[in-house]
> 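Sharing a structure with you now.
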2 protein chains.
Amino acid sequence: MSRRPPDISADSPEGPALSEGSTRGLRSSLHDRGQRLTPQRERMLALFHHLGEGRHLSAEEAHQRLRGQGEQVSLATVYRTLRLLSGMGLLKELELAEGGRRFELAGGEHRHHHHLVCVRCGRIEEFENSAVLAAAESAATRHGFHLLEQGVLNLRALCPACAALQGSSLAPS
Amino acid sequence: MSRRPPDISADSPEGPALSEGSTRGLRSSLHDRGQRLTPQRERMLALFHHLGEGRHLSAEEAHQRLRGQGEQVSLATVYRTLRLLSGMGLLKELELAEGGRRFELAGGEHRHHHHLVCVRCGRIEEFENSAVLAAAESAATRHGFHLLEQGVLNLRALCPACAALQGSSLAPS
DNA sequence: GTCGTTGCAAAAGATTTGCAGTCAG
DNA sequence: CTGACTGCAAATCTTTTGCAACGAC
């Protein structure tokens with residue numbers, strides 16, 4: 001049932017958080033793993049840096065954007081790179097499901113923002129709350145689990161605008 | 001990019017929660033929508049009731065179980081029914097991603113359990129924590145959003161067994 | 001040069017859909 | 001009876017992979 005057999009050995013979720021921004025950190029981090037810094041990888045990360053924290057893309061979207069800006073990257077490589085960067089802790093995989101995974105820049109290790117997702121228009125608001133992190137840590141400890149990341153709490157909701165439309169029989173966007 | 005064009009018109013996220021348990025409620029709820037109660041639908045829901053609250057299945061698993069207990073249901077119908085029941089608010093779609101959606105009984109509105117997911121072996125532990133719900137409500141209020149469900153907090157972690165293997169160069173299961 | 005990476009095309013997995021036969025109401 | 005379901009098989013979509021060419025170091 002798993003669609004994700006081991007492949008890239010980059011899956012040490014414990015990797016030390018890279019100082020984002022510079023290519024230098026990425027290069028040496030890759031080298032430590034015996035891997036290489038290719039233009040594709042660099043551009044991919046740059047794309048997310050440009051996008052800014054808290055905004056996410058699907059594999060397909062990332063591919064489109066790269067091609068849009070003239071880069072030569074195959075979709076397969078996008079998938080491979082997304083996985084690699086996530087494994088390195090540079091990107092974070094969101095679990096909003098609804099047909100396709102999404103990725104965003106893994107911000108400073110100590111920011112932990114959660115999402116309020118409007119199921120109607122897709123608008124996303126973020127918020128932070130330390131109680132959530134505390135709850136996560138306490139649960140992990142209680143079950144003997146070792147937390148890899150602070151989980152992201154995704155709340156499905158209606159934003160003010162959509163909530164207003166809700167009663168009136170308007171078609172979803 | 002969406003893999004989910006409208007089909008079953010059962011997608012009113014605000015639908016009144018059906019009183020679970022009896023076939024009666026299901027039947028009339030379906031009738032209100034001009035739909036029918038078929039053995040497949042009934043058995044599907046029964047399966048989840050049997051399973052109990054807080055336990056989830058993928059479409060494939062649900063199909064296996066039904067067939068296992070001698071039911072004659074096609075996988076396509078399992079998918080269709082899962083969607084229908086979710087749309088009616090009887091089942092809840094979890095967003096654990098990692099290859100495949102999972103569904104569980106949409107239990108009493110006020111139970112809210114979260115997940116500790118082992119990224120290595122897939123083991124899932126559940127826990128509850130009211131602080132999380134409080135945080136969710138407070139955030140929704142602050143942003144003017146209208147919460148549809150209490151979000152589920154999915155924590156990516158390593159279970160005790162996998163954490164032990166982690167250092168030694170063992171291949172993932 | 002060597003060995004990790006890439007692109008491509010094919011494969012695999014998950015979910016949806018067209019259609020004709022079936023059955024709930 | 002009639003229109004809503006179902007099963008089946010084919011179609012889609014998303015993600016992964018085998019392999020030969022390529023390029024970072």
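Below, chain A is the first sequence line, B the second, and so on; all start at residue 1.
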> Side-chain contact test, heavy atoms from C-beta onward, threshold under 4.5 Å: evaluate it for Leu105(B) versus Leu91(B) and give yes or no.
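Sidechains of Leu91(B) and Leu105(B): in contact.
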
> Decide yes or no on side chain to side chain contact (heavy atoms under 4.5 Å, CB included) for Met44(B) and Val73(B), but give the supporting numbers first.
CA-CA 9 Å; Met44(B) 190 81 164; Val73(B) 195; 5.8 Å; no

> For the pair made of NE2 in His63(B) and P in dC8(D), what is the distance, rounded to whole Å?
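The answer, rounded to whole Å, is 8 Å.
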
> Tell me whether the OP1 or OP2 atom of dT15(D) has a side-chain N or O from Arg83(A) closer than 4.0 Å.
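Checking Arg83(A) against dT15(D): no side-chain N or O falls below 4.0 Å of OP1 or OP2.
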
> Between P on dG13(C) and CD on Gln64(B), what's the gap in Å once rounded to a whole number?
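Spelled out: CD on Gln64(B) to P on dG13(C) is 14 Å.
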
> Heavy atoms, side chains only, cut-off 4.5 Å: are Leu82(A) and Phe48(A) in contact?
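The answer is yes, as the side chains (C-beta and beyond) meet within the 4.5 Å cut-off.
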
> Between the side chain of Arg102(A) and the main-chain N/O of His56(A), is any donor-acceptor distance below 3.5 Å?
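Side chain of Arg102(A) to backbone of His56(A): a pair is present.
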
> Roughly how many Å is it from CD in Glu71(A) to C1' in dG7(C), rounded to a whole number?
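Nearest whole value for this atom pair: 15 Å.
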
> Scan residues 129-142 of chain A for pairs that pass salt bridge (Lys or Arg N to Asp or Glu O under 4.0 Å), counting only residues two or more places apart or in two chains.
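Residue pairs with at least one partner in residues 129-142 of chain A: there are none.
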
> Before we go on, tell me: are the rings of His114(A) and Phe127(A) under 6.0 Å apart, centre to centre?
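When the ring centroids of His114(A) and Phe127(A) are compared, they turn out to be within the sub-6.0 Å range.
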
> Nearest-Å distance, CZ (Arg33(A)) to P (dC3(C))?
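Checked: the CZ to P distance equals 21 Å.
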
> Can you find a pair of side-chain heavy atoms, one from His49(B) and one from Leu45(B), that are under 4.5 Å apart?
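Answer yes - side chains close enough.
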
> Report yes if at least one side-chain N or O of Arg41(A) is closer than 4.0 Å to OP1 or OP2 of dT6(C); otherwise report no.
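Yes, within the criterion.
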
> Taking only side-chain nitrogens and oxygens of Tyr79(A), does any of them come within less than 4.0 Å of OP1 or OP2 of dT15(D)?
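For Tyr79(A), the contact criterion (side-chain N or O under 4.0 Å from OP1 or OP2 of dT15(D)) is met.
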
> Provide the closest heavy-atom pair for Ala131(B) versus Ala131(A) in the form atom of the first, atom of the second, distance.
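That closest heavy-atom pairing would be CB-CB, 4.4 Å.
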
> dT6(D), dT6(C), dT15(D): which one has an atom nearest the side-chain heavy atoms of Leu75(A)?
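Selected nucleotide: dT15(D).
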
> Is Arg83(B) salt-bridged to Glu93(B), going by a charged N under 4.0 Å from an acidic O?
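Salt bridge between Arg83(B) and Glu93(B), a charged N being under 4.0 Å from a carboxylate O: no.
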
> Quick one: on DNA chain D, does Thr77(B) or Gly34(B) contact a more 5' nucleotide (nearest heavy atom)?
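Between the two, 5'-proximity favours Gly34(B).
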
> If I take atom CG in residue Leu82(A) and atom C1' in nucleotide dT16(D), what distance separates them, rounded to the nearest angstrom?
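Rounding to the nearest Å, CG of Leu82(A) and C1' of dT16(D) are 13 Å apart.
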
> State, to the nearest 10°, the angle formed by the axis through the first five base pairs of the helix from dG1(C)-dC25(D) to dG25(C)-dC1(D) and the axis through its last five.
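The angle separating the two end axes equals 40°.
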
> Show the distances under 3.5 angstrom between N or O atoms of the protein and N or O atoms of nucleotides 8-11 of chain C.
none

> Is there any protein nitrogen or oxygen under 3.5 Å from a nitrogen or oxygen in nucleotides 23-25 of chain D, and what are the pairs?
| from | atom 1 | to | atom 2 | distance (Å) |
| --- | --- | --- | --- | --- |
| dG23(D) | N2 | Arg36(A) | NH1 | 2.5 |
| dA24(D) | O3' | Leu37(A) | O | 3.4 |
| dA24(D) | N3 | Arg36(A) | NH1 | 3.3 |
| dC25(D) | OP1 | His31(A) | NE2 | 3.2 |

> Is there side-chain contact between Leu85(B) and Arg41(B), with heavy atoms separated by less than 4.5 Å?
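No, their side chains stay 4.5 Å or more apart.
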
> Could you list all the side-chain hydrogen bond (donor to acceptor under 3.5 Å, both in side chains) pairs where at least one residue sits in residues 62-74 of chain A, not counting sequence neighbours?
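Matches after skipping sequence neighbours: Arg43(A)-Glu71(A), Ser74(A)-Thr77(A).
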
> Calculate the interatomic distance between Glu61(B) atom CD and dG13(C) atom P; express it in whole Å.
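To the nearest whole Å, that distance equals 15 Å.
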
> What is the distance, rounded to the nearest whole Å, between atom CD of Glu42(B) and atom P of dC5(D)?
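Result: 15 Å.
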
> Can you list everything that forms a side-chain contact (heavy atoms from CB on, under 4.5 Å) with Ala135(B)? Sequence neighbours excluded, please.
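Scan of Ala135(B) (side-chain contact (heavy atoms from CB on, under 4.5 Å), adjacent residues dropped) gives Asn129(A), Val132(A).
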
